[in-house]
Q: 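Quick one: structure below, then a few questions.
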Protein chains: 2
Amino acid sequence: MKCNFRSWSIAVSLLALYAALNSNGLLAQGANELKVMPLPAKAQLASGSLKIDGSFSVVLSGYQEVRLERAKDRFLTTLSHQTGLVFGHASSDPTKATLVVATDHESKPVQEPGEDESYSLEVTAGGAKLHAANPLGSLHGLQTFLQLVSITADGFTVPVISIQDQPRFVWRGLMIDSARHFIPLDVIQRNLDGLEAVKMNVFHWHLSDNEGFRVESKKFPKLQENGSDGQFYTQEEIRDLIAYARDRGIRVVPEFDMPGHSTAWFVGYPELASGAGPYELERKWGVFDPAMDPSNEKTYKFLDTFIGEMAKLFPDPYFHIGGDEVNGKEWDSNPKIQEFMKAHNIKSDVELQAYFSQRVQELVTKHGKTPVGWDEIFAPGVSKNILIHSWRGPEALAVAAKQGYRGILSNGYYIDLGWSAARHYAVDPMGGAAANLSPEEKSRILGGEDTMWSEYVNWENIDSRIWPRTAAIAERLWSPQETANVASMYARMEAESARLEYLGLTHRTYQRLMVQRMAGEAPQAQVDALSALTQALEPVKDYNRENTPGEEPTSLKPLTRVVDAAYPESAISRQFSADVDDFLAGSCKDSVQADEIRARLKQWITIDAQVQQLVQHSSLVHDAVPASAALSQSSELALTAVDRAQLGLPFTDDSKKQQIDALNAFEMQAHKSQLTLPVLAAFQKLIEAASAGGACRNAK
Amino acid sequence: MKCNFRSWSIAVSLLALYAALNSNGLLAQGANELKVMPLPAKAQLASGSLKIDGSFSVVLSGYQEVRLERAKDRFLTTLSHQTGLVFGHASSDPTKATLVVATDHESKPVQEPGEDESYSLEVTAGGAKLHAANPLGSLHGLQTFLQLVSITADGFTVPVISIQDQPRFVWRGLMIDSARHFIPLDVIQRNLDGLEAVKMNVFHWHLSDNEGFRVESKKFPKLQENGSDGQFYTQEEIRDLIAYARDRGIRVVPEFDMPGHSTAWFVGYPELASGAGPYELERKWGVFDPAMDPSNEKTYKFLDTFIGEMAKLFPDPYFHIGGDEVNGKEWDSNPKIQEFMKAHNIKSDVELQAYFSQRVQELVTKHGKTPVGWDEIFAPGVSKNILIHSWRGPEALAVAAKQGYRGILSNGYYIDLGWSAARHYAVDPMGGAAANLSPEEKSRILGGEDTMWSEYVNWENIDSRIWPRTAAIAERLWSPQETANVASMYARMEAESARLEYLGLTHRTYQRLMVQRMAGEAPQAQVDALSALTQALEPVKDYNRENTPGEEPTSLKPLTRVVDAAYPESAISRQFSADVDDFLAGSCKDSVQADEIRARLKQWITIDAQVQQLVQHSSLVHDAVPASAALSQSSELALTAVDRAQLGLPFTDDSKKQQIDALNAFEMQAHKSQLTLPVLAAFQKLIEAASAGGACRNAK
């Protein structure tokens, strides 16, 4: 509280510290004092702190605009929610302001990638100053300040610190698919609040697909009337959302996927399609036959009008036209299209799609926008004006960059696949082949987006799929490339995850209500068991949910089972696995660790008996029974292994093999519930350690 | 699913059942099958059930209006939230509708007390029919239907049942004080959703007091500009809220408290006051000197214009003018007022207030409204047109009713005092002296309101003070007088409390975030201990918080401590106390009960050591330390008592006395934290049982 930079001789550049501590995990402890995510480009921490109490005030200086005023109000609301402090009666005397926000000049009237987003933040015991070239930097700096506030024995404080920060990539986005499941506007809004908190600057809105067309078109009203089950956003709502996003330094890039993934268009306008129709909204997902008719000039006339309408509605300079996954079947079976291909010397469906894509890109360009599309739009000879959005991978981006094309990465950031934060965190747009590009080529890789495809998410569980893992991806896209300490990332991500709750995100609260729904009025012991089960397991990864026998996923099927409620990454299981690693690294000697591991295993062992009772009263629990049995029974193996490891009584080779086979069988059994047991690797380590009698033999 | 009334021979009138089981608690089990709150006037349950799945549909028949359409949409949304089912693609064929809502005719354009609110609901395995005279009854019936839905092994179902229902009282309200702490509109809205769920029909809005004037006046804008710190509702917001309430069958009765409790008026308009001014917004609470000047005709001119403006804004036929707690000091020390009293032969401040009240009532009546006021407005000779709102008690109401005055009761329903649901539930507007009134006199007692005074609540914890206890009060005001089984009430209240979460109420989720704020980034064991502490304790009752030495409550003080986060009624402590009663009733023989009691006591014993560590890192925990020590140390006594009771080793009389004295001292110690230990009575029972060696001696 009383000190400053001078008085603390070991003030260090955190950046240097990161590099030094990168591999040994020490940063996770040091970082307790700096729970900022994404980590700033440069930060110099000193001792001492600035007190935050009811007299706290903010003053805007330099360039002023209403967006900054609103940002200030929002900042104060969030700070009040975080701390419970009551402001609003504070002095408005600028010379007494706790935080001065100095902004040099305006940003562009429509936000663009590449605008200056840098800021500096100087906190002393006497006050704080945030300085930025334009409002974008000021917005980011306010978020950093909020993350720096923590409770101490002396009340809430911000550490004395000096930060100079700017993003590594100019395009840092989240895509939300509003088509497969409609995502209500208030859910989108709270997720934009989350994006602002972690300094993301693009909201990519996937607005049409086979399963729904989600935007009101005034030119072609049957798009939403026939294509949305009444679940669409009005133009007024969209304008409001774009303003909401701009207030938070976030661009809104609309996507209308074509010529495939477009069944929903054809329900109202079958004449756009290559097949005979009539068309109905698709309730399943995957790659389907319907595709726009590239041979019909009326298609382009329609799209010209439609894109013109949408280009006005969405002010962003970029316009995403999708372009992925066309199977060509409707084209192949339509004689007129075949005739057209012959007449124009188009030799394949790929070439036909390139032709279509070229025409649509011209329309997009005509309406003043830069076309964005998935990898497939990168066809030979395509204009260099496009932006390639890669679902295929960094190799594809590197190839394009070498040829002068700009791109962004989503491969590796598909958060619908249920990967761990660490796995996403390891993916770098400049990784793989991109690492060897020339600086000029590298500059063409603008950043990335994580993608929330909505096959298995709705208003209720979507936050839990987006958060907190998006914070890790946001850090990958903002912070210096060498920021890579996974333990530090997890520590900061958990802190940020807690803080995001004050913004209204439901990623931590949704599960309790979903468990309550499943359990109904069951006795508390059964509710607790179901909750423990849900917290220990994870949904199967990648696309394995579709592949579950007996599963016929459709958008009409409720998302109300354990697989829908379980976190993509179980924090309890991660902690358990870390405890096991510590236990084994310590030669199985630590009895406190052993007790904790045993207590958790005993809890898991009791789950199945409770779930077996619960399932008699709740159909929603039925599908989780195989996984419940697998968790309880595998935990019994693990518990025996802990005992044997500590006693130094190795398993025979046969027994070890049997047990590891059993673990694999339990995993297969859990898959019947569309769930996976993330602790099995730790269980196997326990069995192997007990068997080896190596490290653990010393523990006798 | 397959049965109906005929096939279940023991179908009974639940009403008869209530009476029969009233005293022995059996209803709590039977009532597992009927978690409806408030309990219907008549319900006949049969075996079998109606399946609720994705094909569920509702059709409105008979009288139609847009309010019913919106009610239907809201009903489907809530049902979807409760069940996770996806509707919206269901057939709209009326002959196939699962639920038909038949409404006979419209209700009044502005809702009035005494309108028909009855409905009948007939559920068979094949479908359900809701019938009501007007939309008010239809709204209530839809809420009953939602409460009947539960999960089973066959999915969601509603039991086959026949209900005829109507309220006992016509005025069933909740008052929220928006003055002492401003309560944001979205918080009010979600609480109106809660009121609708439990069939309350009045929202009484306490809009001005010493601490704030919360309504925009266009005639006198300095009321809100100078009197609200910028925290007020615009007229547009109020109109929207009134429409929101009407949609839910709820009247909005505004209250502008005068001539006392009115400091906030005088900040902008000191000329209204009896003192010299200038005035500042009050930050504390209590009875203060400022009061309107009853001797000045300009006061009535101002109020005429103001009441005229508000009478237009608030369409309800009733208009609450407060009238409570004038200390008369400004009157006594103002020579002009003293002169006025002499000139008009007014002999006391009470008479002067009666004069003022009379004048204001005339203004209210002139603007077409019925005046409502607190007990104090019941002065000799006052017009019979008024409605008396009793904070003093049922005796006062009975006296007034005998003289021909109508009244409503809030005494006994002050939910800010922290009483248990059972205690509020026992209060009856027809209790006490009212029980002996004639039928005609009784008809003048219209109902009651629970009152959420906002000294210690804000946006964050207010839901937890209102819910679930308001559901118990709602039942008292709706259900037949003989509905009085407390165990059944608690079972149904807990079920309804869970269901209210699907409406967005935060009474169950707020505490975790408040604990997180207090704990900061402390280790999980400390967070868990703080959470267990917060769940075991209750804020001190009645007005003891003001009386805590060193406490200087003001509206600027954050509500961020354990006392703010603790539930008014600890469910865990209630359960523990019930377990102790069972244990002792069973002669201390049940070892499972003993184990559970021991486990809870051991948990509580460990809390203090963790809290002692936590307080070194969080100033917010500081005040809870005395209570933490008191809980841990008293739990140690209780644990010993359990052991001794089971071993049959009685304490000496001296030891027993010492221990009971110690418990009292622990309670006093907890009061330093502004907390109370609700388990102390159970602890004392354990000590007494162990000492007596009576019932428990048999357990040896």
Side-chain angles (χ1 to χ4, degrees), chain A residues 32 35 53-54 80-89 150-156 181-182 229-231 281 283 458-460 491 494-495 498-499 501-502 506 508-509 512-514 516-522 524 554-561 564 575 615-622, chain B residues 32 35 53-54 80-89 150-156 181-182 229-231 281 283 458-460 491 494-495 498-499 501-502 506 508-509 512-514 516-522 524 554-561 564 575 615-622:
Chain A
N32 277 334
K35 288 283 166 59
D53 59 23
S80 175
H81 285 194
Q82 276 183 224
T83 62
L85 290 168
V86 182
F87 312 122
H89 319 296
S150 67
I151 185 70
T152 71
D154 295 316
F156 288 97
H181 279 95
F182 181 69
D229 294 318
Q231 295 188 304
L281 273 186
R283 303 298 181 186
N458 61 10
W459 63 275
E460 188 168 34
E494 287 304 321
R499 213 182 61 82
E501 285 200 78
Y502 297 114
T506 63
R508 290 184 159 202
T509 49
R512 202 178 54 79
L513 272 177
M514 292 185 76
Q516 173 181 302
R517 180 189 293 133
M518 286 188 272
E521 290 156 19
Q524 194 58 41
T554 89
S555 56
L556 301 181
K557 183 163 185 171
L559 300 176
T560 47
R561 297 173 300 154
D564 304 303
Q575 186 59 51
V615 74
Q616 295 170 33
H617 303 285
S618 172
S619 60
L620 299 180
V621 178
H622 180 266
Chain B
N32 276 334
K35 288 283 166 59
D53 60 22
S80 176
H81 285 194
Q82 276 182 226
T83 62
L85 290 167
V86 182
F87 312 122
H89 318 297
S150 67
I151 185 69
T152 71
D154 295 316
F156 288 96
H181 279 94
F182 182 70
D229 293 317
Q231 295 188 303
L281 273 185
R283 302 299 181 187
N458 62 9
W459 63 274
E460 188 169 35
E494 286 304 321
R499 213 182 61 83
E501 287 200 78
Y502 297 114
T506 64
R508 289 184 160 204
T509 49
R512 203 178 54 78
L513 273 176
M514 292 187 76
Q516 174 180 302
R517 179 189 295 133
M518 287 187 272
E521 289 157 19
Q524 194 59 41
T554 90
S555 57
L556 302 180
K557 183 161 184 171
L559 300 175
T560 48
R561 297 173 299 154
D564 304 304
Q575 185 60 52
V615 75
Q616 295 170 33
H617 303 285
S618 172
S619 60
L620 299 180
V621 178
H622 179 267

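Just so you know, these numbers come straight off a predicted model, no measurement behind them. A note on names: the letters A, B, ... follow the listed sequences, proteins ahead of strands, and every chain is numbered from 1.
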Q: Looking only at heavy atoms, what is the nearest atom pair of A:Pro558 and B:Gly84, with distance?
A: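 For A:Pro558 and B:Gly84, the tightest heavy-atom pair comes out as CB-O, 3.3 Å.
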
Q: Using non-hydrogen atoms only, which part of B:Gln516 is less than 4.5 Å away from chain A: side chain, backbone, both, or neither?
A: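 Both parts, backbone and side chain.
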
Q: Heavy-atom pairs under 4.5 Å with chain A - which of B:Ala498, B:Ser80, B:Ala522, B:Ala519 has more of them than the others?
A: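 With the most close heavy-atom pairs to chain A, the winner is B:Ala498.
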
Q: Side chains of A:Thr152 and B:Ser619, heavy atoms from C-beta outward: is any pair under 4.5 Å?
A: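 No, their side chains stay 4.5 Å or more apart.
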
Q: Which bit of B:Met514 is near chain A, if near means a heavy-atom gap under 4.5 Å: side chain, backbone, both or neither?
A: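 Contact with chain A involves no heavy atom of B:Met514 at all.
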
Q: Let's test your reading of the structure: which of A:Gly230, A:Ser150, A:Ala153, A:Gly520 forms the most heavy-atom pairs below 4.5 Å with chain B?
A: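 Most pairs with chain B among the choices: A:Ala153.
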
Q: Can you tell me which portion of A:Glu501 sits under 4.5 Å from chain B's heavy atoms? Options are side chain, backbone, both or neither.
A: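 Its backbone and side chain both get close to chain B.
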
Q: Where does B:Thr560 contact chain A at under 4.5 Å (heavy atoms): side chain, backbone, both or neither?
A: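 Just the side chain, heavy atoms under 4.5 Å.
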
Q: Taking all non-hydrogen atoms of both residues, which atom of A:Gln82 and which atom of B:Arg517 are closest, and how far apart?
A: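 Answer, listing the atom of A:Gln82 first, then B:Arg517: O-NE, 3.0 Å.
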
Q: Between A:Leu559, A:Ile151, A:Asn458, which shows the greatest number of heavy-atom pairs under 4.5 Å with chain B?
A: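 Most heavy-atom pairs under 4.5 Å with chain B: A:Ile151.
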
Q: Among A:Thr509, A:Asp564, A:Leu513, which residue forms the greatest number of heavy-atom pairs with chain B at distances under 4.5 Å?
A: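 Option with the greatest count: A:Leu513.
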
Q: Which of the residues B:Arg512, B:Glu494, B:His81 is involved in the greatest number of heavy-atom pairs with chain A at under 4.5 angstrom?
A: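 Of B:Arg512, B:Glu494, B:His81, B:His81 has the most heavy-atom pairs under 4.5 Å with chain A.
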
Q: Is chain B contacted by the side chain of A:Val621, its backbone, both, or neither, given a heavy-atom distance below 4.5 Å?
A: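 Interface part for A:Val621: neither.
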
